[in-house]
Amino acid sequence: MASYILKSEPAVYSYADLAADKRTHWDGVRNATAQQNMRAMKKGDTAWIYHSQTDKAIVGIAKVVKGPYPDPDQPGTTAKGDPKGVLVDIAPVAELEEPITLKALKADGRFDELGLIRQSRLSVMPVPAALDKLLREMAGVG
DNA sequence: GCCAACGTTGGC
DNA sequence: GCCAACGTTGGC
């Protein structure tokens, strides 16, 4: 099962918002690379929620409950006939008791290949299975 | 279709 | 608040 990191500004939509909503459409992803990553997601995949700016930490785990499917806010299709934009639905799984900070990830050294560190602006990125395992160990889940 | 200019994001 | 990185836009 695949694993991803979804980045969000907590001022806009935080893990607490997701926990309150029980489920949300992860929309507003316009970046082409992030869109590509979202297209690869499947129902049941893991989604780590990362807060940028004030927190700069992974604060919770969610799972993909639907998707990807065409984003009604980005109508139309590409030249290839694919939807221009897709989105997924996610539901909260657990909030981390101790958020995994960006600082900790950098200090660890084993996460250097992670998109979060190498390409900080990317808002949706895949997590290799080995690193997903590490994150679970650090988070004390799974 | 290429490339420079510009805007946005996010870490520090 | 600043700066670096990167994506996007628009002129050619």
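Here the structure is a predicted model, which is why all the values come from computation and not from measurement. Basis for what follows: all heavy atoms, side chains included, without hydrogens, waters or symmetry-related copies.
To the nearest angstrom, C1' of C:dA4 lies 10 Å from CZ of A:Arg121. The nearest whole Å value for the distance from the CG atom in A:Leu6 to the P atom in B:dG10 is 13 Å. At whole-Å resolution of the value, CZ in A:Arg118 and C1' in B:dG10 are 17 Å apart. For the pair A:Leu116 CG and B:dT9 P, the interatomic distance rounds to 17 Å; values are reported in whole Å. With rounding to whole Å, A:His51 atom NE2 is found 13 Å from B:dG10 atom P. Distance, A:Arg30 CZ to C:dT9 P: 7 Å, rounded to whole Å. Put simply, NZ on A:Lys7 is 13 Å from C1' on C:dG7, counting in whole angstrom units. Rounded to a whole Å, the OH atom of A:Tyr50 is 8 Å from the C1' atom of B:dG10.
Side chains of A:Met138 and A:Phe111 form a contact here, defined as non-hydrogen atoms less than 4.5 Å apart.
Contact annotation: A:Gln119 reaches the phosphate of C:dG7 (side-chain N/O to OP1 or OP2, under 4.0 Å). A close approach under 4.0 Å does occur between a side-chain nitrogen or oxygen of A:Lys106 and OP1 or OP2 of B:dC12.
Out of C:dG7, B:dG11, B:dG10, the shortest distance to the side chain of A:Thr33 is found at C:dG7.
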Full working for side chain to side chain donor-acceptor pair (under 3.5 Å) between A:Tyr13 and A:Asp21: CA-CA 11 Å; A:Tyr13 196 86; A:Asp21 290 348; 2.7 Å; yes
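Within the 4.0 angstrom heavy-atom criterion, no nucleotide atom of any strand lies near A:Lys103. Among the protein residues, A:Leu122 comes within range of no part of the nucleic acid, since none of its heavy atoms lies under 4.0 Å from any strand.
A:Asp89 pairs with exactly one of A:His25, A:Lys66, A:Lys63 by the side chain to side chain donor-acceptor pair (under 3.5 Å) rule, that one being A:His25.
At least one donor-acceptor pair closer than 3.5 Å links the side chain of A:Asn37 to the backbone N or O of A:Val124.
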